[in-house]
Amino acid sequence: MSQSLLDQIEVTGTFRFPLPDGMKLVPVDSHGYEGESLTGRWWTMKDLREWCANKSVDWLKDNILENPRYSREIGTMERKGQIIHKGRGSAWKFKAKAMAEFLDKHGEELPW
């Protein structure tokens, strides 16, 4: 069995280096589906919380889902069926790939 490049990284000190477009480092046990594509997968609010470092539902609503800064983009995702929410008290559903792409795009802007 061959080792991947990521199995061989050793860093001492503080360094910053860019990752290729479309790549990110995640723990091997991250989200319970190592190596699986997000394509065709749906997230619940619980899944989204896990993806966002276990932030609370209120944090997700305040900073992403109901944040005026992202209302146009979130609205577009709802119209496309990538986010499903029928109103107060109803469950949220998210197209995993679309939501992950949104978070990759806006992640540095969020108050983690």
Side-chain angles (χ1 to χ4, degrees):
M1 176 168 51
S2 65
Q3 285 187 316
S4 72
L5 177 61
L6 296 180
D7 289 336
Q8 301 174 28
I9 292 176
E10 182 177 329
V11 178
T12 303
T14 302
F15 298 94
R16 288 185 174 266
F17 54 93
L19 295 174
D21 287 342
M23 300 290 293
K24 64 182 175 179
L25 297 174
V26 295
V28 170
D29 63 351
S30 175
H31 313 296
Y33 43 87
E34 175 193 355
E36 290 183 28
S37 171
L38 295 177
T39 302
R41 196 175 160 88
W42 283 89
W43 284 343
T44 63
M45 182 63 82
K46 179 183 176 198
D47 297 319
L48 181 60
R49 286 188 63 227
E50 289 175 6
W51 191 265
C52 293
N54 290 314
K55 293 293 188 183
S56 70
V57 171
D58 288 338
W59 187 94
L60 293 171
K61 288 179 180 179
D62 291 345
N63 293 287
I64 299 172
L65 301 172
E66 297 172 358
N67 184 337
R69 179 178 188 169
Y70 305 117
S71 62
R72 181 172 284 154
E73 199 167 348
I74 294 294
T76 298
M77 292 170 76
E78 286 179 305
R79 284 188 295 283
K80 289 180 174 181
Q82 296 169 329
I83 296 176
I84 299 172
H85 180 64
K86 306 227 186 277
R88 289 218 176 267
S90 69
W92 291 80
K93 297 284 184 190
F94 309 93
K95 270 298 242 207
K97 184 175 180 183
M99 199 66 206
E101 288 171 354
F102 174 92
L103 293 168
D104 283 343
K105 178 179 175 183
H106 297 292
E108 292 181 12
E109 304 162 11
L110 297 170
W112 299 101

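Predicted model, so just to flag it, every value in this text is computed and none were measured.
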Evaluate the side chain to side chain contact (heavy atoms under 4.5 Å, CB included) criterion for residues I83 and M99: first the C-alpha distance (whole Å), next the side-chain angles of each, then the deciding distance (0.1 Å), finally the verdict. CA-CA 8 Å; I83 296 176; M99 199 66 206; 4.2 Å; yes
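Contact record, W42 with G81: CH2-O, 3.1 Å, taken as the closest heavy-atom pair. Smallest separation of non-hydrogen atoms from L38 and A96: O-CB, 3.9 Å. Heavy atoms only, all atoms of each residue included: L110 and L103 are closest at CD1-CD2, 4.2 Å.
Evaluation of the salt bridge (charged side-chain N to carboxylate O under 4.0 Å, His left out) test over residues 58-73, restricted to residues two or more places apart or in two chains, returns R69-E109, E73-K105. Residue pairs meeting the ring-ring contact (aromatic ring centres under 6.0 Å, His included) criterion with at least one member in residues 56-79, sequence neighbours excluded: W59-W112, Y70-F102, Y70-H106. Residue pairs meeting the ring-ring contact (aromatic ring centres under 6.0 Å, His included) criterion with at least one partner in residues 72-91, sequence neighbours excluded, are H85-W92.
Every residue two or more places apart in sequence or in another chain was checked for a side chain to side chain donor-acceptor pair (under 3.5 Å) with S71, and none qualifies. The side chain to side chain donor-acceptor pair (under 3.5 Å) search around T39 returns S37, not counting sequence neighbours.
No more than 12 heavy atoms of other residues, nucleotides or ligands shown are found within 6.0 angstrom of NZ on K97.
Of the candidates R41, M77, M45, Q82, F94 forms a side-chain contact (heavy atoms from CB on, under 4.5 Å) with just one, namely M45.
Residues R49 and D47 fail the side-chain proximity criterion, which asks for heavy atoms closer than 4.5 Å.
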